[in-house]
J.: 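Got a structure here, written out as structure tokens. Questions coming.
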Amino acid sequence: MTEFIKTTDSFYQDLVSHTEDMEHAVSRSKYRDDIECMQKALQHNYPEGKYRVITGEQPYGALGTPKVLGKRILATALTKHHPDVVSIELFANLDLVGSEKGFYQLSIPNIGSPDGVLGYNLLSERIRSDDSIAAGIQLPNDYITRQIAKALQSFRGYYPGQMPHGRGPRYDIDVMSNWARLYGVPEKTSVNQLGNYAEAHIQWLTNLEHTLGIKLDYLARESEVDLLLAKNGGINILDKTWKRGIRRLREIGYTPVGIKITEDQDEITPFNLSYNGIRLRSRFVNNDGSRILLSNPKDPSSSHEITIDDAISGKYGFSFRAVPRVLLYSLAALSGHITGGGSIYNQDARYFMELEGMPYFPITNMHAEENGEKLSCIQYISLALSRSNHPGAEEALRKGHLSLLDFVLSCNLTEARECIANTIDKNQPFKTSQYIVVPNKEGAIPNIS
């Protein structure tokens with residue numbers, strides 16, 4: 001595991017060392033054939049470069065916080081200074097929408113709220129609690145349409161209207177309208193909305209990245225990458241290692257951080273399956289892991305058995321569970337992983353790899369700081385605070401707890417692009433503790449020193 005503050009150069013050296021260590025470990029591994037099969041499949045799909053780095057993320061879109069941009073800015077800086085590194089932007093499009101607030105809630109400054117932050121839900125409580133996956137919520141959706149229509153009206157009251165002296169609008173209705181169109185609002189829009197909730201969020205974020213000059217080499221979804229690895233050796237590796245590894249962790253008294261290692265977990269599949277937008281319950285029903293019992297949590301009477309070949313046939317949405325995923329990604333010629341710093345599974349995955357005598361890929365995260373205080377990697381002043389301040393809102397803004405939609409409403413993106421480019425070019429090498437100051441539309445900048 002890499003230390004907290006890294007530079008692009010030192011992280012690059014970690015990638016080089018790890019690749020050499022992995023090649024040596026694979027050469028003497030009893031799973032060599034399956035590992036090499038996975039590596040060839042990954043190299044075929046992402047052929048350029050010698051070292052591959054991923055930035056994993058749920059598809060938050062405009063609901064995500066600036067840390068979503070931070071890891072991508074770091075990846076852009078890394079590939080800019082080291083052309084033999086390829087960056088892969090990965091989206092977990094099959095994740096449950098109720099798992100994190102960033103999936104369903106906009107957070108913007110609001111001086112009338114006790115804590116200074118308004119949480120605005122796009123998804124109903126029913127949708128969030130019924131095992132729906134992000135790619136399973138089809139658009140347009142009546143509830144989402146109503147919530148976005150309300151947001152288009154109410155947000156006018158949170159942000160001031162015209163700039164002084166006729167210098168144009170502070171609250172840009174086009175920003176809100178372009179965001180709304182991706183969900184099919186209004187329904188008779190001339191823009192074709194994306195087919196599902198995950199794709200709408202992915203499109204919004206990648207459009208923003210393009211505007212800001214943030215460039216990753218490949219865009220991928222877990223539904224694609226996980227199935228690719230499963231079909232090309234990944235299932236065989238997990239079949240030989242996963243249950244045995246869980247038992248070994250239990251026997252040595254390991255205290256897990258994010259996974260469960262109790263005996264009832266031995267029959268749980270190391271992957272998730274979904275169908276018709278719902279994540280299914282899945283567990284093995286025989287010792288050799290060839291047959292799986294599936295059940296729909298909304299309809300337990302629908303339980304039925306399938307084979308492992310059915311599971312990876314493409315009929316079901318397929319994604320690995322958290323620790324099995326990073327185990328296979330580390331083995332599959334991915335040299336490094338840039339995170340937002342919040343994953344609780346890295347320690348478990350690293351320990352599991354050590355039990356197998358395999359090196360775990362270097363991980364680093366973009367998390368800015370000043371005098372020991374953790375900050376948002378993007379520092380700006382929200383236009384929602386231009387008329388009155390609120391200490392809670394200012395703290396949330398400073399620490400990066402507000403949604404990216406507030407950033408886009410508050411700042412001129414051409415200026416933001418220049419600030420990002422200047423910071424990447426000026427700092428040789430770029431640091432993971434870097435923050436970037438962006439003036440808002442009024443020219444105000446935060447005082448963070």
Side-chain angles (χ1 to χ4, degrees), residues 2-8 10-11 55 57 60 62-78 100-102 106-111 115-119 205 208-209 212-214 338-344 363-386 389-413 415-449:
T2 58
E3 62 263 27
F4 180 68
I5 296 178
K6 302 291 290 185
T7 66
T8 50
S10 58
F11 186 56
T55 61
E57 187 68 73
Y60 295 143
L63 285 63
T65 63
K67 76 174 183 179
V68 172
L69 294 182
K71 65 183 74 174
R72 289 162 171 82
I73 293 172
L74 180 58
T76 299
L78 179 68
E100 297 183 40
K101 284 186 178 181
L106 276 166
S107 296
I108 65 168
N110 180 253
I111 59 175
D115 60 358
V117 178
L118 171 70
L205 181 59
L208 176 62
E209 291 171 23
L212 295 175
I214 300 171
I338 300 175
T339 77
S343 176
I344 62 173
I363 290 179
T364 193
N365 64 83
M366 179 71 174
H367 208 147
E369 63 174 46
E370 177 79 7
N371 298 324
E373 180 188 13
K374 292 182 178 180
L375 302 174
S376 168
C377 63
I378 301 290
Q379 289 291 317
Y380 69 99
I381 296 177
S382 172
L383 284 184
L385 301 177
S386 61
N389 294 330
H390 189 293
E394 291 177 337
E395 182 180 12
L397 188 62
R398 183 184 181 92
K399 294 185 176 181
H401 296 163
L402 300 178
S403 299
L404 280 172
L405 189 61
D406 177 71
F407 168 67
V408 176
L409 285 168
S410 299
C411 297
N412 183 304
L413 297 187
E415 285 186 301
R417 180 188 180 110
E418 293 174 356
C419 293
I420 292 171
N422 289 340
T423 306
I424 290 176
D425 292 340
K426 181 174 62 176
N427 291 278
Q428 301 282 346
F430 190 80
K431 296 180 180 180
T432 57
S433 59
Q434 200 80 42
Y435 60 82
I436 299 170
V437 176
V438 178
N440 69 8
K441 292 178 181 178
E442 296 177 333
I445 58 175
N447 178 15
I448 58 174
S449 58

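Heavy atoms only: backbone and side chains are in, while hydrogens, waters and symmetry mates are out.
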J.: Looking only at non-hydrogen atoms, find the nearest pair between Leu385 and Glu394 and report the distance.
T.: CD1-CG, 4.1 Å

J.: Between Thr7 and Lys431, which heavy-atom pair has the shortest distance, and what is it?
T.: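 Heavy atoms only, the tightest pair is CG2-CG, 4.1 Å.
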
J.: Could you grab the distance from atom CD1 of Ile73 to atom CD1 of Ile214, nearest 0.5 Å is fine?
T.: 4.5 Å

J.: Hey, does the side chain of Ser382 reach the backbone of Ala384 with a donor-acceptor pair shorter than 3.5 angstrom?
T.: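 Yes: the side chain of Ser382 pairs with the backbone of Ala384.
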
J.: Do Arg72 and Met366 touch side chain to side chain, with heavy atoms closer than 4.5 Å?
T.: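 A side-chain contact is absent here, since even the closest heavy-atom pair is not under 4.5 Å.
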
J.: What is the distance from atom CZ of Phe430 to atom CG of Asp425, rounded to the nearest 0.5 Å?
T.: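 So the CZ of Phe430 and the CG of Asp425 are separated by 10.5 Å.
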
J.: Can you name the nearest heavy-atom pair linking Ile363 to Phe11, along with the distance?
T.: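 Scanning both residues, the minimum pair turns out to be C-CE1, 4.3 Å.
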
J.: Could you tell me the separation between the NZ atom of Lys101 and the OG1 atom of Thr65, rounded to the nearest 0.5 Å?
T.: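 Lys101 NZ to Thr65 OG1: 13.0 Å, rounded to 0.5 Å.
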
J.: If you look at every heavy atom in Ile111 and His390, which pair is closest and at what distance?
T.: O-CD2, 3.5 Å

J.: Do Val117 and His401 have side chains that get closer than 4.5 Å, going by heavy atoms?
T.: no

J.: Which atom pair, heavy atoms only, marks the closest approach of Ala416 to Leu212?
T.: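 For Ala416 and Leu212, the tightest heavy-atom pair comes out as CB-CD2, 3.7 Å.
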
J.: Using the test side chain to side chain contact (heavy atoms under 4.5 Å, CB included), find all partners of Cys419 that sit at least two apart in sequence or belong to another chain.
T.: Ile436, Val438, Pro439

J.: Does Arg398 offer a backbone N or O that forms a donor-acceptor pair with the side chain of Gln379 under 3.5 Å?
T.: yes

J.: Could you tell me which residues satisfy salt bridge (Lys or Arg N to Asp or Glu O under 4.0 Å) with Glu395, sequence neighbours excluded, listed by chain and number?
T.: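 Salt bridge (Lys or Arg N to Asp or Glu O under 4.0 Å) check on Glu395 returns Lys399.
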
J.: If I take atom CG from residue Leu106 and atom OH from residue Tyr60, how far apart are they, to the nearest 0.5 angstrom?
T.: 13.5 Å

J.: Side-chain contact test, heavy atoms from C-beta onward, threshold under 4.5 Å: evaluate it for Ile378 versus Leu404 and give yes or no.
T.: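 A side-chain contact under 4.5 Å is absent here.
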
J.: Please examine the side chains of Thr8 and Leu74, heavy atoms only from C-beta on, and report whether any two atoms are closer than 4.5 Å.
T.: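 A side-chain contact under 4.5 Å exists here.
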
J.: Which residues pass the side chain to side chain donor-acceptor pair (under 3.5 Å) test with Tyr380, not counting sequence neighbours?
T.: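 Partners of Tyr380 by the side chain to side chain donor-acceptor pair (under 3.5 Å) criterion, ordered by chain and then number, come out as Asp406.
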
J.: Got Pro446 and Val437 here, is their nearest side-chain heavy-atom distance under 4.5 Å?
T.: yes

J.: I'd like to know if the side chain of Ser107 reaches the main chain of Leu402, judged simply by a donor and an acceptor atom lying under 3.5 Å from each other, with no hydrogens or angles considered.
T.: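 No: the side chain of Ser107 does not pair with the backbone of Leu402.
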
J.: If you measure from OG on Ser376 to CD on Glu369, what distance do you get to the nearest 0.5 Å?
T.: 13.5 Å

J.: Looking at Gly213 and Arg417, what are the two nearest heavy atoms and their distance?
T.: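 Of all heavy-atom pairs spanning Gly213 and Arg417, the closest is N-NH1, 3.4 Å.
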
J.: With distance as the sole test, does Ser410 use its side chain to make a donor-acceptor pair with the main-chain N or O of Asn440 at under 3.5 Å?
T.: no

J.: Measure the CD1-CD1 distance between Ile381 and Ile445 for me, rounded to the nearest 0.5 Å.
T.: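 Ile381 CD1 to Ile445 CD1: 7.5 Å, rounded to 0.5 Å.
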
